Novice: 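Before we start, here is the structure in question, set down as C-alpha cells.
If you're wondering where the values come from, they're calculated on a predicted model, not measured in any experiment.
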Amino acid sequence: MVKVREDHPIKSDGTIDLDAWLNRLTQLVPLEGISDVREACELSASLADAKSIALSAHGSYRMGLEMAEILAELQLDQTTILASILYRSVREGKIPIVTVGERFGEDVSKLIQGVLQMAAISAYQVSDAGYIAGKAKTPEQIQAHSDNLRKMLVAMIDDVRVALIKLAERTCAIRAIKEAPEKKRRRLAQEIFDIYAPLAHRLGIGHIKWELEDLSFRYLQPDAYKKIATLLDEKRIDRQRFIEEVVDSLQKAMKQAEIRAQVYGRAKHIYSIWRKMRRKNIDFSQVYDVRAVRIMVDEVKDCYAALGIVHSLWRHIPNEFDDYIANPKANGYQSLHTAVSGPEGKVLEVQIRTHAMHEEAELGVCAHWVYKGTDTQAKDRGYEQKIAWLRQVLEWHEELGDGDSVVGELQEEVAQDRVYLFTPRGDVVDLQPGSTPVDFAYRLHTEVGHRCRGAKVGGRIVPLTYRLKTGEQVEILTTKESKPSRDWLNSDSGYVKTSRARAKITHWFKTQARDENIVEGRNVLLPELQRLALDDINLDELAKQLNYRAEEDICAAIGAGDLRIGQVITAAQKQVEPEEERSPLLDLPKTAQKPVQHPDDIEIQGVGNLLTQIANCCQPVPGDEIVGYVTVGRGVSIHRQDCRNLLQLRSEQPGRIMEVHWGGGEKRHHTYPVEVRIKAYDRKGLLRDITIVLANDGVNVTAMTTLTNKEDLLADIVLTVEIEDLNMLSRALNKINQLPNVVEARRHRAVQSHSSSDSSTHH
C-alpha cells in the first residue's frame with residue numbers, strides 16, 4: 001500500500017507552525033543546533049511565494065520540510081537535513097549556492113551541488129513506453145537503457161548522502177503529482193520506477209522503495225492498480241478481523257512461552273501483489289501473503305522459539321519455509337519466512353526476525369540486493385563496487401553517527417571503469433575513461449563515425465580530442481561524405497581512445513584503392529619525416545626493415561591504416577644508428593675495442609674515456625645519424641651527419657672525424673636540446689598555449705625567440721626544447737599543430753658557420 005504521510009502542523013492562517021514542526025523533527029533525529037535548522041527554514045520560507053506557503057504542498061519551502069522529515073526517519077545528520085531544506089530553493093534559482101556555503105558551510109553546499117548534478121538525469125526521461133508498458137522498445141532494450149541510467153547515476157555519487165537526498169526529493173515529487181497532467185505523471189513515474197525505486201532497493205531502504213514502486217505503478221498501470229486496490233478494499237474488513245485474531249493468538253502464545261515479542265499485521269504492497277501474480281501466473285486469491293504478520297523478538301534464539309509456536313498453532317504449508325538466519329542470502333538479508341494454514345483454513349504468511357534485523361532491512365544498512373528486486377543483478381563490476389561502497393558508508397554512518405570521516409577514504413578505493421553519456425534523444429552510451437567524441441560517434445554507429453566532423457557537448461562545440469565525462473550530452477556533427485581522417489589513427493594526436501573505433505577506421509582505409517592509399521600514405525609520411533628533419537632517410541631500406549618490399553608498400557600500409565606513423569619513426573630512428581661493427585674513421589689507440597657507454601649516452605667506436613658534447617650548430621638527438629669531431633680541449637663534439645659545419649670540417653680536417661653512435665643500453669633518461677620552429681598567426685595567449693602543451697608532455701623549454709610580422713600578423717617562434725627521443729618530439733609537434741592559429745610546427749635546422757661553433761677549439 002502507498003504510505004500515508006503525516007501533514008505538516010498548520011496554524012490558523014494556513015501557514016506551517018515551524019515550532020511544532022521542529023519539535024516533531026527533533027523527536028525523529030537528534031540535532032546539533034536547532035537554531036541552524038530554524039534559520040534554513042526561515043530563509044527558505046522568505047524566498048517562497050506567500051500563496052504557495054499557505055496553500056501549496058508543491059512549493060520549495062514545503063517540499064524542503066517534507067524531504068527533511070524523510071531523511072530524519074533515516075537518521076541522517078544535521079548537514080543532510082540542512083541541505084534537503086535548501087535544495088529546492090537553490091535548484092529553482094531563488095538562492096545562489098555560494099550564499100548557502102557562506103551561511104551554512106561548505107559541506108551543505110557540496111551536498112546540494114551533488115544532488116543538482118544527479119538532477120541531470122531528469123532532463124533525459126525514459127521513454128513513455130517504458131518498462132511496464134513495453135510497447136515502443138523490446139524489454140531487453142528498455143532494461144539495458146535503465147541499467148545504464150542507474151550506472152551513470154551511481155557513477156556521479158561521491159557521498160552517499162547525496163543519493164539519499166535525491167531519493168527523498170523524488171519521493172516528494174511523485175507524492176505531489178496527483179493533479180498534474182497525465183503525460184507529466186507518466187514521465188515522472190517512469191523515471192522513478194526505472195531509476196530511483198531500484199536505487200532505493202539496492203541501498204536497502206525498504207519503506208521508500210515500496211512507496212516509490214506503488215506510486216509509480218499507480219500512474220503507469222492505472223487499471224491494474226485500481227483492480228488490485230479494489231480487491232484489497234473488498235476484503236479489508238474481513239482481512240482486518242482475521243489479522244487481529246491472528247495477532248491476538250500469537251501474542252497470548254508468546255506471553256505464555258515467556259518470549260518478549262512484538263506482533264503486528266504486515267501491509268502487502270499493491271505493486272508487489274501485481275508482480276507476484278504476473279511472475280507465478282496466479283489469481284489474486286492465490287497470493288498467500290495478502291494476509292501476513294511479522295513477529296519481532298530480541299534475540300536469534302527467540303526467532304526459532306517463535307517459529308515453533310507458529311507451527312504448533314497452525315499447519316505448515318509444504319515448500320513454503322525459508323530460513324535466512326541460518327543461511328543468510330548473499331546480500332546479508334536475515335529473517336525466517338513461513339506460510340501456514342491459519343484460522344478458517346486461510347493461508348497466512350509469517351515473517352520472524354529480531355529488531356536489529358528489521359532495522360537493517362528497513363533503514364538501508366542491510367544490502368537488500370536480490371531479494372524481491374526490481375532489477376537483475378548487474379554484471380558490471382565497477383557498478384557493483386560503487387554500490388557496495390555506498391552500502392558500506394551507510395553502515396559506518398549508522399554505527400558511528402557520522403560518515404564524513406570515511407567518505408574520502410572509501411571513494412579513493414572506488415575507481416570507475418566506465419563513463420556514461422547521453423545522446424540528444426536521451427539514450428545512454430557507456431565508454432572507457434578518456435574516450436573522445438570520435439569514440440562516441442563510432443559507438444553509436446560505424447557510419448556516424450566515418451562522417452563525424454565535429455561535436456557538441458552540452459550544446460557547446462568542443463574539439464574532437466575532448467575527453468568526455470559522465471553525465472554529459474554529446475551531439476555528433478556529420479557531413480554527407482563518409483570519410484574518416486587518417487590523423488585519427490595517430491595515437492599522439494589523441495583523437496581515438498577505444499580499440500573499437502580504431503579498428504573501424506582502419507577497416508575503412510583498408511577498403512580503399514591501393515593507389516589512393518599510396519598517395520594518402522605518402523602525404524602523411526613525408527611531411528612527418530620533414531618535420532622531424534629525417535627527410536634524408538632511405539625509404540626503401542626503411543621498408544625492408546618493416547618487412548615491406550618497397551617505399552610504396554609502406555605508404556600503402558600507412559594509407560590503409562595498417563601501419564602507424566609512430567612505428568615508422570621508431571624504425572627510422574633505428575636505421576640512422578650506425579652498426580657497431582663499422583671501422584673507425586680515425587686511427588686511434590685500440591686499448592678499448594668495445595664501445596664505451598658515456599653519461600650522455602654516446603658510444604665511441606674503438607676508444608674509451610673521452611669527453612663528449614652535443615654540437616650547438618645542429619643539435620642532434622637520439623635517432624639522428626651522427627659523427628664525432630675531435631676538438632682541442634673539449635673532447636668529441638657530436639654532429640648530425642648532414643650538418644653544414646661538419647661537411648666543411650670533414651673537407652678541411654678529415655683526420656679529426658670519427659665514428660660514433662647512440663648508446664644501445666638501458667632506457668635513456670637524458671635529454672637533448674632541439675630547436676623547434678613554429679609559424680602561427682599571432683593571437684592573445686598563443687605562447688601560453690604552446691608552453692602548456694609542452695609542459696603537459698614533460699618537455700622543458702630552455703630558450704625562446706619570437707618575431708611577428710606586423711603586416712600579416714604571422715609570428716615566427718623558435719624554441720629550444722629538451723627531449724629524450726624523436727617519438728617525444730613527434731608527440732609534442734603533433735599537439736602544437738592542433739592549437740588554434742598554428743600554421744606549422746617542425747624541427748628547425750639552425751644555419752650557422754662553423755666558426756661560431758667549433759672554430760675556437762680546432763686549429
Novice: Would you say Asp682's side chain and Leu713's backbone share a donor-acceptor pair under 3.5 angstrom?
Specialist: no
Novice: Any donor-acceptor pair under 3.5 Å linking the side chain of Asp439 with the backbone of Thr436?
Specialist: yes
Novice: Show the nearest heavy-atom pair for residues Leu546 and Ala571, with the distance to one decimal.
Specialist: CD2-CB, 3.6 Å
Novice: Over all heavy atoms of both residues, which pair between Pro484 and Ile505 is shortest? Give the atoms and the distance, please.
Specialist: CB-CG2, 4.2 Å
Novice: For the atom pair CG (Leu729) and CD1 (Ile723), what is the distance rounded to the nearest 0.5 Å?
Specialist: 5.0 Å
Novice: Testing the basics here: between Arg746 and Gln530, what is the closest heavy-atom pair and its distance to 0.1 Å?
Specialist: NH2-O, 2.9 Å
Novice: Between the side chain of Arg549 and the main-chain N/O of Ala543, is any donor-acceptor distance below 3.5 Å?
Specialist: no
Novice: About how many Å separate CG of Leu719 and OG1 of Thr706, when rounded to the nearest 0.5 Å?
Specialist: 9.5 Å
Novice: Closest heavy-atom contact between Thr465 and Arg467?
Specialist: O-NH1, 3.0 Å
Novice: Please determine if Glu541 and Lys544 form a salt bridge, counting it only when a charged side-chain N lies under 4.0 Å from a carboxylate O.
Specialist: no
Novice: Give me the ring orientation class for Tyr495 and Trp488: parallel if the planes are under 30° apart, tilted from 30 to 60°, perpendicular past 60°.
Specialist: tilted
Novice: If you apply the rule side-chain contact (heavy atoms from CB on, under 4.5 Å), what do you find for Asn734 with Asp487, and how did you get there?
Specialist: CA-CA 10 Å; Asn734 269 323; Asp487 289 340; over 6 Å; no
Novice: Which atom pair, heavy atoms only, marks the closest approach of Glu528 to Ser730?
Specialist: OE2-OG, 2.6 Å
Novice: Atom CD1 of Ile678 and atom CG of Leu687: how far apart are they, to the nearest 0.5 Å?
Specialist: 8.5 Å
Novice: Is a side-chain donor or acceptor of Glu675 paired with a backbone partner of Val718 at a separation under 3.5 angstrom?
Specialist: no
Novice: Ignoring hydrogens and geometry, is there a side-chain-to-backbone donor-acceptor pair from Arg486 to Asn523 under 3.5 Å?
Specialist: no
Novice: Which value, rounded to the nearest 0.5 Å, describes the distance between Thr99 atom OG1 and Leu86 atom CG?
Specialist: 10.5 Å
Novice: Just checking, is any N or O donor in the side chain of Thr702 or Glu722 under 3.5 Å from an acceptor N or O on the other one?
Specialist: no
Novice: Kindly indicate whether the side chain of Ile657, heavy atoms from C-beta on, has any atom under 4.5 Å from the side chain of Tyr629.
Specialist: yes
Novice: Give the intermediate values and the outcome of side-chain contact (heavy atoms from CB on, under 4.5 Å) for residues Ile569 and Leu529.
Specialist: CA-CA 8 Å; Ile569 297 302; Leu529 293 176; 3.9 Å; yes
Novice: Would you say the side-chain atoms of Asp540 pair up with the backbone N or O of Glu551, donor to acceptor, closer than 3.5 Å?
Specialist: yes
Novice: Are the side chain of Arg451 and the backbone of Gly449 linked by a donor-acceptor contact shorter than 3.5 Å?
Specialist: no
Novice: Who pairs with Asn737 by side-chain hydrogen bond (donor to acceptor under 3.5 Å, both in side chains), at least two apart in sequence or on another chain?
Specialist: none
Novice: After noting the C-alpha distance and the side-chain angles of Trp508 and Ser482, does the key distance pass the side-chain contact (heavy atoms from CB on, under 4.5 Å) rule?
Specialist: CA-CA 10 Å; Trp508 187 91; Ser482 178; 4.0 Å; yes
Novice: Do you know which two heavy atoms are closest between Val693 and Lys735, and how far apart they sit?
Specialist: CG1-CB, 3.5 Å
Novice: A side-chain contact here means heavy atoms from C-beta on lying under 4.5 Å apart; do Tyr466 and Val457 qualify?
Specialist: yes
